[in-house]
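Counting starts at 1 for both ligands and their atoms, following the listed order. This is a predicted model, so every value here is computed, not measured. All values below were derived from every heavy atom in this structure, side-chain atoms included, with hydrogens, water molecules and symmetry-related copies excluded.
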Amino acid sequence: MRALAVVLGSAILLAYVASSAGALSLDYYDQTCPKLEYSVRGAVKKAMKNDNTVPAALLRMHFHDCFIRGCDGSVLLNSTAKNTAEKDGPPNISLHAFYVIDLAKEAVEAQCPGVVSCADILALAARDAVALSGGPHWDVPKGRKDGRISKANDTSQLPAPTFNISQLQQSFSQRGLSMEDLVALSGGHTLGFAHCSSFQNRIHNFNSVDDIDPSLHPSFAAQLRKVCPAHNTVRSAGSTLDPTVTKFDNVYYKMLLQGKSIFTSDQALLTVPKTKALVSKFAESQEEFEKAFVKSMIKMSSLSGGGQEIRLNCRVVR
Ligand SMILES: *[C@@H]1O[C@H](CO)[C@@H](O)[C@H](O)[C@H]1NC(C)=O
Ligand SMILES: *[C@@H]1O[C@H](CO)[C@@H](O)[C@H](O)[C@H]1NC(C)=O
Ligand SMILES: *[C@@H]1O[C@H](CO)[C@@H](O)[C@H](O)[C@H]1NC(C)=O
Ligand SMILES: *[C@@H]1O[C@H](CO)[C@@H](O)[C@H](O)[C@H]1NC(C)=O
């Protein structure tokens with residue numbers, strides 16, 4: 001499969017060919033690290049107690065990892081003297097809580113040294129973040145390897161909050177992900193927070209006619225403008241992506257249908273019938289949302305990164 005991709009000459013294809021069904025498995029560490037999942041969950045749970053933004057951060061981190069070079073832990077690597085890493089690339093304002101992965105890795109290394117990849121730990125931590133926030137629990141296929149490449153410039157390949165539906169569709173389909181995956185994974189915004197800079201385009205100087213994006217509910221837009229004035233200088237200012245930010249639920253979709261979404265890329269889901277129908281379906285049924293979310297998470301978290309090692313410290317290559 002990989003050789004074929006090289007022949008096709010497409011770096012994108014090479015990086016994102018989903019791992020073949022056999023590559024990851026549910027029982028991957030059953031013999032070599034039986035207490036793995038218990039240790040990771042412990043680290044996530046402890047961190048959440050002190051900081052309720054940890055679940056959103058872990059989910060975001062995993063998504064970011066998988067969308068760049070596949071799920072290979074590249075997002076966890078520190079910059080070095082010669083290389084600026086992904087985590088220091090432009091959208092890094094949304095990334096934090098790397099220490100949670102460090103703590104989980106330390107706990108795991110103490111039991112089974114050199115066995116479990118950082119990419120697997122991140123996939124498990126993201127699942128735990130969802131489950132511990134009242135969302136679904138699912139079994140995570142494991143066996144990812146850690147990559148050695150992490151480039152700040154690659155963050156330009158992430159779907160941007162300003163994307164319209166065709167840009168979103170292209171970004172997802174390049175990774176083998178469908179429109180249903182797009183709508184289901186957008187539901188991860190139920191736990192998110194956005195800085196003003198990522199939705200400024202909707203509330204100031206929207207276009208030559210309107211100052212504010214007319215698809216926004218007027219009173220909601222007014223609230224956002226209060227928190228994020230035109231020349232906002234408060235770096236931490238912004239808005240949660242739904243009003244129940246610590247609870248994994250389908251409120252995000254309900255708000256979206258009322259014109260109360262934060263990003264252009266959220267509103268974009270209402271601009272074509274297919275994705276709009278899915279938004280309505282998930283707004284009506286938490287159960288349908290959870291089912292679709294789990295399916296899409298497993299698909300996304302199986303994007304192969306072609307990593308080859310098990311790091312000892314998630315921030316440095318071996
Ligand atoms: C990685 O970077 C963080 C933040 O700059 C720093 O605190 C940490 O010591 C670094 N870790 C390693 C192993 O280089
Ligand atoms: C984000 O990246 C910039 C370089 O683009 C760097 O100067 C800054 O320290 C990074 N911020 C965080 C929070 O990592
Ligand atoms: C990113 O790419 C641009 C042009 O392709 C280059 O000028 C720049 O040095 C690169 N930055 C990093 C951090 O690699
Ligand atoms: C989305 O944006 C791209 C780039 O600006 C543009 O070419 C395309 O026509 C837009 N598509 C839609 C559906 O608005």
Side-chain angles (χ1 to χ4, degrees), residues 12 43 47 50-51 53-54 57-58 60-61 64-65 72-110 113-114 116-119 121-122 125 146-152 155-174 177-179 182-183 186 198-202 205-210 213-216 235 256 261 263-279 307 309-318:
I12 288 180
N50 299 320
D51 178 357
T53 71
V54 160
L58 293 173
R60 170 81 197 163
M61 203 186 288
H64 179 131
D65 187 29
D72 67 345
S74 56
V75 70
L76 304 171
L77 287 171
N78 269 15
S79 294
T80 63
K82 288 190 191 142
N83 181 57
T84 307
E86 274 170 40
K87 65 164 67 152
D88 294 318
N92 64 5
I93 195 164
S94 60
L95 289 174
H96 67 283
F98 291 102
Y99 72 92
V100 183
I101 302 301
D102 291 338
L103 291 174
K105 176 69 167 169
E106 277 167 31
V108 170
E109 284 297 302
V116 182
S117 68
C118 294
I121 290 176
L122 179 51
D146 295 326
R148 299 171 59 87
I149 301 171
S150 178
K151 293 195 175 303
T155 57
S156 62
Q157 298 165 19
L158 290 169
T162 52
F163 271 11
N164 63 31
I165 193 69
S166 35
Q167 293 168 306
L168 289 168
Q169 178 171 23
Q170 188 187 13
S171 171
F172 275 65
S173 71
Q174 277 172 353
L177 299 172
S178 66
M179 296 290 257
L182 165 64
V183 180
S186 295
S198 58
F199 58 90
Q200 205 78 355
N201 66 312
R202 298 186 77 192
N205 294 316
F206 177 67
N207 61 26
S208 53
V209 183
D210 305 293
D213 181 343
S215 66
L216 275 171
R235 193 177 142 90
L256 178 50
S261 67
F263 299 137
T264 298
S265 60
D266 295 321
Q267 177 64 29
L269 303 179
L270 301 180
T271 58
V272 296
K274 183 177 169 143
T275 50
K276 187 174 181 184
L278 288 165
V279 169
E309 65 178 23
I310 304 293
R311 278 179 225 143
L312 298 179
N313 176 326
C314 292
R315 296 173 184 256
V316 286
V317 298
R318 273 182 100 160

> Taking only heavy atoms of S166, which atoms of ligand 4 are found under 4.0 Å from at least one of them?
1 (C), 10 (C), 11 (N), 12 (C), 13 (C)
> Which residue and non-hydrogen atom of the protein lie closest to atom 5 (O) of ligand 4, and at what distance in Å?
Q167 NE2, 4.1 Å
> Under 3.5 Å, is there a donor-acceptor pair between the D88 and S79 side chains?
yes
> D146 side chain to V317 main-chain N or O, any donor-acceptor pair under 3.5 Å?
no
> Within 4.0 Å of atom 14 (O) of ligand 1 (strictly less), any protein heavy atom?
yes
> Pick whichever of N78, N313, T80 has a heavy atom sitting closest to atom 12 (C) of ligand 1.
N78
> Measure from atom 2 (O) of ligand 1 to the protein's non-hydrogen atoms and state whether any distance is below 4.0 Å.
yes
> Using side-chain contact (heavy atoms from CB on, under 4.5 Å), reason through V279 and V183 one step at a time and then give a plain yes or no.
CA-CA 7 Å; V279 169; V183 180; 3.9 Å; yes
> Would you mind running through ligand 4 and noting each atom that sits below 4.0 Å from a heavy atom of N164?
1 (C), 2 (O), 3 (C), 8 (C), 10 (C), 11 (N), 12 (C), 14 (O)
> Distance below 4.0 Å between atom 7 (O) of ligand 4 and any protein heavy atom?
no
> At a 4.0 Å threshold, what atoms of ligand 1 neighbour a non-hydrogen atom of R315?
1 (C), 2 (O), 3 (C), 11 (N)
> Mind running side-chain contact (heavy atoms from CB on, under 4.5 Å) on Q169 and V272 for me, showing each step along the way?
CA-CA 11 Å; Q169 178 171 23; V272 296; over 6 Å; no
> Could you tell me which non-hydrogen atom of V54 sits nearest to which non-hydrogen atom of A97, and how far apart they are?
CG2-CB, 4.4 Å
> One pair to check against side-chain contact (heavy atoms from CB on, under 4.5 Å): K87 and L77. What are the steps and the verdict?
CA-CA 7 Å; K87 65 164 67 152; L77 287 171; over 6 Å; no
